[in-house]
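All figures in this text were calculated on a predicted structure; none of them were measured in a lab.
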Amino acid sequence: MNSNNETTTLPPETAGFDVREFARTAHGSHRGTLDLGPLAEEPLDADSVRLVRALRDMERTTLHRVRDLLVTATHKDARVTAFLTTWMFERFWTADALDAVLDASPAARDLPSSAGPARRVPAERRARRGPIRRSLVAGITGTQIVAEHVTTGLVDEWITQAAYRRLAGVSSATASIISPVVEIKNRHIRFLAEEAERRLRDSARAQRITCRALRHAAWPLGSVDRSGHERAFFERHVFGDQRGRAEARRIRGMVAALPGIRPGVASTVESRLLP
């Protein structure tokens, strides 16, 4: 087990995901390639526009999420922090692309306010910790907290990708806009899956820490700060019908397949996605 003061790195010869190539080929602004014209002929309905706004807001939470990660031992892991730098860059420009979709959608002007009281769920108290308390707790946890961070990040990407797929299925116009975003997300998932698999497989303590985090997380990550009605909309719109419940089951299966993650933990994740 690594000490808390040790910087962990993955030797290049064992690294399947090429972080340097990921950084070199990072996707910046999408505005030059977005085809928004079809949205004028086939405008998005109010619920689809509301989902665009929800996803835009989720992408915008990236800076706060990275802040919370970097007050822990994760900041000492050169491979993960190198990934996070480009991950944050790509999510910023994804949010910008979604802003462009909102600007081109007349229904965006009539959306209900996203502000409102947050949902208070006792199991989510852990997710409401501020950065100082996170840092103190993480100091006790040590470097095994990196496994928690990459695994919860992986599950979050699975959840948001389900939402993007739902949006892409609305029309051919949204499919052409969202498909490149899904491809960007696929790269994020490949890195996080590789890291989660390796770190969970190598440490029973990492498995216990990660199981606890998965049980108590608010999904998607950052939802603990969103209004209760916006969270209810996301759950209902993405996971509320037969297709959505199938997506939630699929996510449960992928969580359960991770090394050392108990079936009950995966079932908890699934249940908290459903309305």
Problem set entry | Distance-minimising heavy-atom pair for Ala82 and Val19 | CB-CG1, 3.7 Å

Exercise. Taking atom CZ of Arg56 and atom CG of Leu51, what is their separation to the nearest 0.5 Å?
Worked result: 12.0 Å

Problem set entry | Asp99 with Arg60: basic N within carboxylate O range, under 4.0 Å | yes

Exercise. For Phe22, which of Phe89, Phe191, Trp87, Phe17 qualifies under ring-ring contact (aromatic ring centres under 6.0 Å, His included)?
Worked result: Phe17

Exercise. Under a single-linkage definition using a 4.5 Å side-chain heavy-atom cutoff for Ile, Leu, Val, Met, Phe, Trp and Tyr, are Leu274 and Val238 assigned to the same hydrophobic cluster?
Worked result: yes

Problem set entry | Asp241 and Arg166 ion-paired at < 4.0 Å | yes

For this session: Could you give me the CA-CA distance, side-chain angles and deciding distance for Trp158 and Val255, then say whether side chain to side chain contact (heavy atoms under 4.5 Å, CB included) is met?
Result: CA-CA 10 Å; Trp158 285 336; Val255 173; 3.9 Å; yes

For this session: Output, in order, the C-alpha distance, side-chain angles, deciding distance and verdict of side chain to side chain contact (heavy atoms under 4.5 Å, CB included) for Val170 and Asp45.
Result: CA-CA 9 Å; Val170 170; Asp45 61 87; 4.3 Å; yes

Seminar exercise, completed: Tightest non-hydrogen contact, residues Ala147 and Thr151, listed as O-OG1, 2.7 Å

Exercise. Regarding Arg245 and the six-membered ring of Phe239, is the cationic atom NZ or CZ under 6.0 Å from the ring centre and inside 45° of its axis?
Worked result: no

Exercise. Are Leu221 and Phe92 in one and the same hydrophobic cluster, where Ile, Leu, Val, Met, Phe, Trp and Tyr link if side-chain heavy atoms are under 4.5 Å apart?
Worked result: no

Exercise. Are Tyr164 and Trp93 grouped together when hydrophobic residues (ILVMFWY) are joined by side-chain heavy atoms under 4.5 angstrom apart?
Worked result: no

For this session: May I ask you to decide if Ser176's main-chain N or O and Ser179's side chain share a donor-acceptor pair within less than 3.5 Å?
Result: no

For this session: Please check if the side chain of Arg91 supplies one atom and the backbone of Met58 the other of a donor-acceptor pair under 3.5 Å.
Result: yes

For this session: Spell out, as yes or no, whether a donor-acceptor pair under 3.5 Å connects the side chain of Thr152 to the backbone of His149.
Result: yes

Exercise. For Ile159 and Phe234, which heavy atoms make the closest approach, and how far apart are they?
Worked result: CG2-CE2, 4.2 Å

Problem set entry | Main-chain N/O of Ala115 paired to Ser113 side chain as donor or acceptor, under 3.5 Å | yes

Exercise. Between Pro259 and Gln207, which heavy-atom pair has the shortest distance, and what is it?
Worked result: O-CG, 3.7 Å

For this session: For residues Arg252 and Pro263, determine if any side-chain heavy atom of one lies less than 4.5 Å from a side-chain heavy atom of the other.
Result: no

Exercise. Of all heavy-atom pairs between Asp47 and Phe233, which one has the smallest distance, and what is that distance?
Worked result: O-CZ, 3.3 Å

Exercise. Does the pair Glu235/Arg272 count as a salt bridge with the N-to-O cut at 4.0 Å?
Worked result: no

Exercise. Among side-chain atoms of His27 and Glu183, is any donor-acceptor pair under 3.5 angstrom?
Worked result: no

Problem set entry | Lys/Arg-Asp/Glu bridge criterion (N-O < 4.0 Å) met for Arg79, Glu194 | yes

Exercise. Is it true that Leu111 and Leu55 fall in one hydrophobic cluster, defined by side-chain heavy atoms closer than 4.5 Å?
Worked result: yes

For this session: Please determine if Arg199 and Asp77 form a salt bridge, counting it only when a charged side-chain N lies under 4.0 Å from a carboxylate O.
Result: yes

For this session: List the steps and the verdict of side chain to side chain contact (heavy atoms under 4.5 Å, CB included) for His30 and Ile184.
Result: CA-CA 12 Å; His30 302 269; Ile184 290 170; 3.4 Å; yes

Exercise. With distance as the sole test, does Ser227 use its side chain to make a donor-acceptor pair with the main-chain N or O of Ser114 at under 3.5 Å?
Worked result: yes

Exercise. Can you tell me if Arg187 and Thr25 form a side-chain donor-acceptor pair at under 3.5 Å?
Worked result: yes

For this session: Please answer whether the main-chain N or O of Leu167 pairs with a side-chain N or O of Thr174 as donor and acceptor at a distance below 3.5 Å.
Result: yes

Exercise. Where the side chain of Thr81 meets the backbone of Ala78, is there a donor-acceptor pair that is under 3.5 Å apart?
Worked result: yes

Problem set entry | Derivation and outcome, salt bridge (Lys or Arg N to Asp or Glu O under 4.0 Å), residues Arg31 and Asp96 | CA-CA 8 Å; Arg31 296 221 177 208; Asp96 179 73; 2.9 Å; yes

Problem set entry | Presence of salt bridge, Glu230 and Arg53, under 4.0 angstrom | yes

For this session: Show the numbers, then the answer: is there a side chain to side chain contact (heavy atoms under 4.5 Å, CB included) between Ile261 and Cys211?
Result: CA-CA 6 Å; Ile261 303 302; Cys211 282; 3.8 Å; yes

Seminar exercise, completed: CD of Glu197 to CG of Leu154, rounded to nearest 0.5 Å, is 8.5 Å

For this session: Inspect the contact between Arg24 and Glu21 and indicate whether a charged nitrogen and a carboxylate oxygen are less than 4.0 angstrom apart.
Result: yes

Exercise. Got a second to check how far Leu98's CG is from Leu34's CG, nearest 0.5 Å?
Worked result: 9.0 Å

Seminar exercise, completed: When rounded to the nearest 0.5 Å, the distance separating CD of Glu195 from CZ of Phe83 is 9.0 Å

Exercise. So, for Ala100 and Leu36, which heavy atoms are closest and what is the spacing to 0.1 Å?
Worked result: O-CD1, 3.8 Å

Exercise. Are any of the side-chain heavy atoms of Arg119 and His229 separated by less than 4.5 Å?
Worked result: no

For this session: First locate atom CD of Glu148, then atom CD1 of Ile145, and finally report the distance between them rounded to the nearest 0.5 Å.
Result: 4.5 Å

Problem set entry | Glu59 bridged to Lys185 by N-O distance under 4.0 Å | yes

Seminar exercise, completed: The reported gap from CD in Gln144 to CG in Asp202 (rounded to nearest 0.5 angstrom) is 9.0 Å

For this session: Inspect the contact between Asp57 and Arg226 and indicate whether a charged nitrogen and a carboxylate oxygen are less than 4.0 angstrom apart.
Result: no

For this session: May I ask you to check whether over 12 heavy atoms, not counting those of Arg262, lie within 6.0 Å of atom CZ?
Result: no

